[in-house]
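Data block below; observations after.
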Amino acid sequence: MSPWKELIEYKNLSKLGFHETLTGGQCFGWNTTSDNSWIGSFSTKVVELRFENRTIFWRTSLTYPATSEEILEYLWVEKSYDDAINELPWRSDSVLAECIEALPGLRILKQSIDETLFYFLLSSAKSIPQIQAIGKLVFQKYGKKLFENIYSFPGWDRLAQIPERELRMLKLGYRAKYVAQTARFIASRQNWLESIMELKYADAKKQLLRLPGVGEKVADCTLLFGGNFLEAFPIDTWIEKSMEKRYNLNGWNTAQKLHFASMHFGKFAGLAQQFLFSAERLKVFKD
DNA sequence: CTTTGACCTGGAATC
DNA sequence: TATATCAGGTCAAAG
């Protein structure tokens with residue numbers, strides 16, 4: 001590892017918001033190394049981050065290094081983040097205001113779409129630690145070793161060569177079929193997944209829905225966390241609960257809730273979703 | 001077009 | 001210490 005360096009001093013960031021960003025379920029490649037530090041990887045770069053006195057410090061692997069610019073981009077530490085927060089309707093929405101206040105600096109990471117799709121294909125009826133665990137088994141077996149205890153995403157072409165039964169042995173359960181079939185779909189279409197990012201949100205989502213194991217929720221997670229589509233609004237059980245309890249949308253179906261989210265939260269609905277989601281998960285509200 | 005149940009597995013809840 | 005339930009969903013069959 002390189003020596004620790006200061007990445008940036010960040011006034012409006014809490015340890016909780018940062019911790020939740022890295023371990024709250026939008027990504028699965030980070031592990032806590034101490035009370036205030038985390039180690040993980042993105043696009044075969046290994047990084048350790050530390051949060052201290054409103055400042056983020058970083059160090060990186062010598063064999064798989066990242067630059068500070070790459071880390072800032074991955075963490076969405078840019079003016080566009082502040083602008084996005086500013087555009088959310090927290091001035092007139094006290095629920096959202098309370099969530100943002102409780103989790104300063106919570107953000108959407110800029111992950112790669114291939115790896116993000118993979119993880120969310122594993123996510124159904126699994127808790128965050130379980131998704132992390134079974135994902136890691138696959139990385140460990142078919143990926144490249146990047147660091148002690150850190151392995152890379154093998155890539156869809158590699159995954160396409162693996163029989164479903166072999167994936168089942170890695171505890172994927174019925175998700176093995178999703179991964180195996182999706183891998184074959186993607187591997188047989190050159191540049192298909194990457195080109196989705198050039199599309200408009202609705203079209204990109206329509207494309208992802210063609211994949212086996214990808215329903216609305218997984219499609220929106222993939223687009224939001226891996227495709228930089230900030231208007232994507234994944235509705236899982238937590239958000240479902242949030243919409244019904246905090247916004248009184250009992251009896252609304254998913255399409256209606258999605259419409260509400262888009263109208264009410266606007267083009268950064270996905271960022272709002274992350275605050276609502278984490279607030280619900282971390283029990284910010286008394287109920 | 002909405003509703004229902006199966007699908008793998010295991011950590012967490014209740015006996 | 002056992003046994004039953006349910007979990008960041010999807011899909012297909014049935015109403």
Side-chain angles (χ1 to χ4, degrees), chain A residues 19-30 99 103 106-109 111 113 115-138 140-141 159 162-186 205-227 229 232-246 249-259 261 269-285:
Chain A
H19 181 256
E20 180 65 11
T21 298
L22 295 175
T23 62
Q26 65 170 296
C27 59
F28 301 90
W30 291 89
C99 297
L103 297 157
L106 179 66
R107 60 201 50 248
I108 306 293
L109 297 169
Q111 304 177 74
I113 195 166
E115 184 173 332
T116 306
L117 170 63
F118 171 76
Y119 274 122
F120 282 97
L121 227 30
L122 304 184
S123 70
S124 94
K126 285 282 179 202
S127 65
I128 295 169
Q130 292 180 126
I131 299 166
Q132 208 168 352
I134 59 181
K136 188 178 168 184
L137 287 177
V138 176
Q140 206 159 194
K141 180 150 185 186
L159 292 177
I162 303 163
E164 179 187 326
R165 62 172 186 286
E166 214 171 302
L167 292 168
R168 280 187 181 254
M169 291 194 293
L170 300 180
K171 307 183 177 179
L172 301 206
Y174 60 82
R175 302 159 198 81
K177 185 167 73 179
Y178 298 163
V179 172
Q181 293 184 355
T182 286
R184 283 160 182 71
F185 183 104
I186 292 174
K205 184 167 175 178
K206 207 170 291 176
Q207 287 303 311
L208 282 181
L209 287 172
R210 296 171 63 193
L211 299 171
V214 176
E216 252 191 317
K217 192 269 179 183
V218 169
D220 276 328
C221 284
T222 304
L223 291 172
L224 176 60
F225 303 129
F229 286 91
F233 191 86
I235 298 186
D236 58 33
T237 54
W238 293 102
I239 291 296
E240 191 85 40
K241 187 171 143 196
S242 175
M243 305 253 87
E244 289 172 4
K245 286 173 74 171
R246 318 296 171 208
L249 303 187
N250 283 298
W252 294 39
N253 66 29
T254 304
Q256 293 167 323
K257 284 175 181 151
L258 283 173
H259 185 245
L271 182 57
Q273 181 271 358
Q274 203 56 23
F275 280 101
L276 297 177
F277 170 81
S278 292
E280 220 53 63
R281 211 175 72 83
L282 300 175
K283 306 196 187 306
V284 165
F285 296 101

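Lettering follows sequence order; numbering is per chain, from 1.
What separates CZ of A/Arg210 from P of C/dC11 is a distance of 14 Å, to the nearest Å. As rounded to whole Å, 13 Å separates atom C1' of B/dT9 from atom CD1 of A/Ile131. Counting to the nearest Å, the P atom of B/dT9 and the CG atom of A/Leu172 are 10 Å from each other. At whole-Å resolution of the value, NZ in A/Lys217 and P in C/dT10 are 7 Å apart. Rounding to whole angstrom units, NZ of residue A/Lys126 and P of B/dC7 are separated by 16 Å. In this entry the distance linking CZ of A/Phe277 with C1' of C/dA7 reads 13 Å, nearest Å. Taking atom CG on A/Asp220 and atom P on C/dT10, their separation rounds to 10 Å, with Å as the unit. Protein atom CG of A/Leu137 is 13 Å distant from nucleotide atom C1' of B/dG10, rounded to whole Å.
Residue A/Thr21 holds its OG1 atom at 8.5 Å from CG of A/Leu103, rounded to the nearest 0.5 Å. A distance of 4.5 Å separates OG1 in A/Thr222 from CG in A/Leu117, rounded to the nearest 0.5 Å.
Note on A/Arg281 versus A/Glu20: salt bridge recorded, some NZ/NE/NH1/NH2 to OD/OE distance being below 4.0 Å.
C/dT1 sits 26 Å from B/dT9 when the P atoms are compared, rounded to a whole Å. As rounded to the nearest Å, C/dC6 and B/dC15 have P atoms that lie 12 Å from one another. Using C1' as the reference atom, C/dT10 and B/dG11 are 22 Å apart when rounded to the nearest Å. One P atom belongs to B/dC8, the other to C/dA13, and the distance between them is 16 Å to the nearest Å.
Judged by distance alone, with hydrogens and angles left aside, A/Arg175 brings a side-chain donor or acceptor within reach of the base of B/dC8, the pair sitting under 3.5 Å.
Across all strands shown, B/dA13 forms a Watson-Crick or G-U wobble pair, both distances under 3.5 Å, with C/dT3.
Comparing A/Val214 and A/Arg281 along DNA chain C, the residue whose closest nucleotide (by nearest heavy atom) sits nearer the 5' end is A/Arg281. Residue-to-nucleotide proximity on DNA chain C shows that, of A/Gln274 and A/Pro212, the 5′-proximal contact is made by A/Gln274.
Contact annotation for A/Phe120: no contact, since no heavy-atom pair falls under 4.0 Å across all strands. Here A/Glu240 lies out of heavy-atom contact (under 4.0 Å) with every strand.
Aromatic ring pairs are classed by plane angle as parallel below 30°, tilted from 30° to 60° and perpendicular above 60°; the pair A/Phe28 and A/Tyr119 is tilted.
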